[in-house]
Protein chains: 4
Amino acid sequence: MSPKPNVSEMRTKQIIEAAIAVFAKKGFARATMEDVANEVSINKATIYNYFDGKDALILAVAGEILSRELGDLQAACDMPGTATERLNAFYETLTVKEADVLFLMPILYEFYALGLRRDDVRTILADFLSQSVSRLEAIIQAGVEDGEFGPVDARKAAQALTALIDGIVLQWIYTSEKVDINVQLRYSIQFVLQGLVNYKEEAA
Amino acid sequence: MSPKPNVSEMRTKQIIEAAIAVFAKKGFARATMEDVANEVSINKATIYNYFDGKDALILAVAGEILSRELGDLQAACDMPGTATERLNAFYETLTVKEADVLFLMPILYEFYALGLRRDDVRTILADFLSQSVSRLEAIIQAGVEDGEFGPVDARKAAQALTALIDGIVLQWIYTSEKVDINVQLRYSIQFVLQGLVNYKEEAA
Amino acid sequence: MSPKPNVSEMRTKQIIEAAIAVFAKKGFARATMEDVANEVSINKATIYNYFDGKDALILAVAGEILSRELGDLQAACDMPGTATERLNAFYETLTVKEADVLFLMPILYEFYALGLRRDDVRTILADFLSQSVSRLEAIIQAGVEDGEFGPVDARKAAQALTALIDGIVLQWIYTSEKVDINVQLRYSIQFVLQGLVNYKEEAA
Amino acid sequence: MSPKPNVSEMRTKQIIEAAIAVFAKKGFARATMEDVANEVSINKATIYNYFDGKDALILAVAGEILSRELGDLQAACDMPGTATERLNAFYETLTVKEADVLFLMPILYEFYALGLRRDDVRTILADFLSQSVSRLEAIIQAGVEDGEFGPVDARKAAQALTALIDGIVLQWIYTSEKVDINVQLRYSIQFVLQGLVNYKEEAA
DNA sequence: GATGAATGAGGTTTCATTCAT
DNA sequence: TATGAATGAAACCTCATTCAT
């Protein structure tokens with residue numbers, strides 16, 4: 001792929017890490033290759049030994065960030081406990097890692113914008129979103145099978161839950177009323193969980 | 001505001017319209033002032049008679065787009081009918097104007113990213129989000145007062161609903177499974193509406 | 001074509017002139033756009049208002065130089081007098097404009113090399129060479145018809161004469177024995193002219 | 001010379017060979033040391049064990065190519081037979097090795113251009129041209145002494161012949177009328193040979 | 001002798017912005 | 001108000017070259 005073979009993996013990771021920091025702070029367009037290089041204390045040109053160019057670096061950053069996010073979700077999946085407990089565990093990681101999440105949001109939204117113009121970015125994002133839903137779906141499905149939830153369509157419910165969380169994060173970031181993210185998130189999700197539990201075939 | 005006084009308003013609007021088209025297609029960074037000028041068939045330099053520069057133009061575009069979106073929501077608010085009917089009416093405008101929404105999403109996400117770095121953009125976005133919630137809150141509050149919904153916290157419910165819609169739009173854009181946005185949207189919102197109706201003080 | 005419309009022709013010519021000087025001195029590769037700009041005392045970026053890039057500039061220079069050379073040849077064609085006189089007139093311009101010719105040779109040879117790799121350059125060169133031959137052919141043909149020369153194949157003879165001149169210029173430039181170009185040129189061409197005059201169907 | 005002593009000669013030759021291929025294809029400026037290295041499947045840095053740098057490599061390539069060309073000419077000189085036969089033999093090698101000649105022309109013309117700017121290249125080229133003429137001169141002189149040719153100035157005639165061949169090759173490469181090089185070459189040279197034979201003190 | 005890695009020094013090109021007309 | 005022309009400031013990227021191993 002983008003990182004060339006035969007080249008130190010450590011350096012590759014350093015560069016990606018630096019790029020994340022720089023991109024988050026300045027945005028893709030204003031961040032320069034030199035900014036990134038300075039962050040690692042290497043020469044600008046060295047980056048080109050590891051990535052084909054700025055676009056490739058951006059793509060690598062996208063891959064890294066999204067796989068991290070997925071990792072958090074996967075961790076929640078892998079926990080023991082009831083479906084409800086596992087869902088709660090997941091959104092709690094969000095609030096616990098509040099600083100990290102906030103830090104990455106500018107990049108994430110740029111990816112969302114960029115993905116609508118670059119196919120390579122779009123692919124990686126579509127895959128990420130799809131997998132996010134699948135993770136939640138697995139948990140919900142387990143809850144349905146255990147009788148913990150009503151007989152909901154697990155995939156649709158997972159999509160709704162994913163959407164809800166994404167939307168809440170956006171509000172959280174932009175809301176001036178310094179709402180406690182924890183409270184709002186808990187409230188909203190309970191709302192849906194309650195729907196899951198009480199579900200009685202009413203929805204389309 | 002940004003547009004200077006005493007200057008043809010029509011020209012100002014033309015430029016904003018052109019900028020929307022160009023920004024949507026190329027993104028803020030890659031779109032050039034010349035691109036915008038060409039779209040209006042005027043000279044690049046002329047734009048500077050109407051806007052202080054690219055940043056000001058971007059801000060003006062943000063204002064325009066967001067006020068349009070709010071307009072749609074306001075229209076739903078102003079409709080006659082029950083709360084449920086009005087909520088349904090709103091999300092149906094989304095699906096009806098599908099093409100427009102899709103077209104503007106790249107810009108919108110860039111705004112979300114940009115707002116985290118530019119205070120003027122942030123202000124306008126925060127205001128937009130806050131007002132979006134308020135519009136929905138008004139409807140929900142009416143529903144609560146009419147006994148159509150349970151005794152929910154109307155603001156929190158509105159926030160949840162707003163978040164849900166934003167999140168679904170994201171999925172819609174990126175999901176490869178060519179889910180019918182209509183179906184998914186309807187399903188998810190029913191989910192919440194059902195929660196509103198059956199609400200019984202359980203949530204935090 | 002390359003020079004954009006609506007833009008001062010004088011400036012375009014200035015730039016080409018400057019480019020000729022710079023390219024001749026440094027070669028295409030080592031000459032920078034900034035060198036050219038400095039020669040005209042304008043900003044580097046301004047060149048891009050007149051030419052699409054370095055390649056386009058090189059092509060424009062090729063066109064300019066070759067059309068000048070053709071002009072010299074055409075002038076000889078248009079002279080009054082016998083075929084022999086006109087041929088003599090032509091090669092005398094070479095020696096008269098010795099300094100100019102020497103000055104342009106580095107560029108010309110780079111064109112010959114470049115034309116083997118770039119189709120646009122090749123086209124312009126092939127056309128130039130073909131027209132050079134045609135000009136001489138016209139003179140020779142006139143000489144044949146006037147009985148001044150024997151019944152030679154005018155085109156082939158013109159090709160031979162063109163080749164001879166090109167080759168002599170090369171020797172002239174590189175020969176260390178500071179041969180008088182005038183003498184050598186005269187000798188060689190007389191050699192061919194004599195062949196033209198005495199021609200008796202012997203060649204293949 | 002350029003290649004450092006005490007170093008595998010085979011490697012040196014490999015590199016020169018690779019450089020010829022790469023330079024011919026891309027030109028001196030666009031060809032990179034890495035291109036050359038890749039062609040030999042060695043590391044870029046290794047080349048610096050054999051040559052002082054790119055300029056030295058170019059010079060070595062010049063030496064190699066020119067000495068090959070001279071070799072062809074020398075072979076014709078060394079043949080048995082009359083002067084005319086030997087001259088014919090020489091130009092026939094040109095047509096026989098058509099592919100090779102065509103392949104090397106881009107390099108050769110770049111040398112001609114480069115030699116006007118670099119003294120080391122100029123020296124090697126001047127020497128080559130001078131020796132080329134000398135080889136032909138020897139043949140012609142023999143022809144004169146044998147009474148095969150008229151009492152021409154052998155050196156001047158050799159210069160004319162050399163020039164003619166160089167010029168024809170140029171036409172050959174660039175001419176769009178897909179002239180058979182063989183025919184044109186034969187015609188032109190016969191033209192001169194005929195002049196040699198019939199020579200009667202008429203030229204300057 | 002060979003190479004993976006790094007870099008310094010540009011070079012081309014782009015563009016927001018200015019300004020005289 | 002409109003614009004043709006110009007420009008300063010970068011940004012991306014390339015590459016010959018060096019050096020420790």
Side-chain angles (χ1 to χ4, degrees), chain A residues 4-8 10-12 28-37 40-57, chain B residues 4 6-8 11 29-37 40-58, chain C residues 4-8 10-12 28-37 40-57, chain D residues 4 6-8 11-12 28-37 40-58:
Chain A
K4 300 177 180 174
N6 223 347
V7 143
S8 152
M10 191 200 71
R11 205 19 74 93
T12 305
F28 297 150
R30 292 226 155 95
T32 73
M33 295 303 264
E34 192 155 23
D35 289 332
V36 176
V40 199
S41 299
I42 58 174
N43 187 281
K44 190 169 47 171
T46 301
I47 299 181
Y48 290 85
N49 285 343
Y50 295 84
F51 297 94
D52 283 340
K54 200 184 189 184
D55 282 351
L57 182 53
Chain B
K4 298 179 181 175
N6 214 358
V7 156
S8 155
R11 201 25 69 95
R30 293 227 157 103
T32 73
M33 294 301 266
E34 192 156 22
D35 289 332
V36 175
V40 199
S41 299
I42 59 174
N43 186 279
K44 185 164 56 165
T46 302
I47 299 180
Y48 289 83
N49 285 335
Y50 296 85
F51 297 93
D52 283 340
K54 200 184 189 185
D55 283 351
L57 182 54
I58 288 176
Chain C
K4 300 180 182 175
N6 222 348
V7 144
S8 152
M10 191 201 70
R11 202 26 70 93
T12 305
F28 299 150
R30 291 227 157 94
T32 73
M33 296 302 265
E34 193 155 22
D35 289 332
V36 176
V40 200
S41 298
I42 58 175
N43 186 281
K44 193 166 45 168
T46 300
I47 299 180
Y48 289 85
N49 285 343
Y50 295 83
F51 298 93
D52 283 340
K54 199 184 190 183
D55 282 351
L57 182 54
Chain D
K4 298 180 181 175
N6 214 358
V7 156
S8 154
R11 202 25 73 94
T12 305
F28 298 150
R30 293 228 156 102
T32 72
M33 296 300 266
E34 191 156 22
D35 288 332
V36 176
V40 199
S41 299
I42 59 174
N43 185 280
K44 186 164 56 165
T46 302
I47 298 181
Y48 290 83
N49 285 335
Y50 295 86
F51 298 92
D52 284 339
K54 199 184 188 184
D55 283 350
L57 182 54
I58 288 175

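Remember, predicted model here, so these are calculated numbers, not experimental data. Below, read A as the first sequence line, B as the second, and so on, with proteins coming before strands; counting in each chain starts at 1.
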For the residue pair A:R30 and B:D55, what are the closest heavy atoms and their distance? NH2-OD1, 4.0 Å
Side chain to side chain, A:L57 and A:Y50, heavy atoms closer than 4.5 Å: no
Grab the OH-C1' distance between A:Y50 and F:dT14 for me, whole Å please. 17 Å
Applying the Watson-Crick and G-U criteria (both distances under 3.5 angstrom) with [ ] for crossing and | for other-strand pairs, one obtains for DNA chain F .||||||||||||||||||||
Specify the separation, in whole Å, of atom CD1 of A:I42 and atom P of E:dG8. 11 Å
Please give, in whole Å, the distance from F:dA11 P to A:L57 CG? 15 Å
Protein proximity profile, nucleotides 15-21 of chain F - base contact B, sugar-phosphate-only contact S, no contact -, cut-off 4.0 Å on heavy atoms: BBBBB--
Is any side-chain heavy atom of A:K54 closer than 4.5 Å to a side-chain heavy atom of A:V36? no
In whole Å, I'd like the distance from the CD1 atom of A:I47 to the P atom of E:dT7. 10 Å
Please state how far atom CG in C:N49 lies from atom P in F:dG4, giving the value in whole angstrom units. 11 Å
Compare every heavy atom of C:G53 with every heavy atom of C:M33, then report the nearest pair and how far apart it is. CE-C, 4.0 Å
Quick one: pull up CG in D:D52 and CD1 in D:I47 and give me the separation to the nearest 0.5 Å. 13.0 Å
Going by distance alone, is a donor N or O of one side chain under 3.5 Å from an acceptor N or O of the other, for D:N43 and D:T46? no
Would you sort out whether B:I42 and B:R11 count as a side-chain contact (heavy atoms from CB on, under 4.5 Å), showing the intermediate values? CA-CA 10 Å; B:I42 59 174; B:R11 201 25 69 95; 3.3 Å; yes
Measure CZ/B:F51 against P/E:dA16 and give the value in whole Å, please. 15 Å
Determine: side-chain N/O of A:R11 to OP1/OP2 of E:dA6, distance under 4.0 Å, yes or no. yes
Tell me if a side-chain donor or acceptor on B:S41 pairs with a main-chain N or O of B:A37 at a distance below 3.5 Å. no
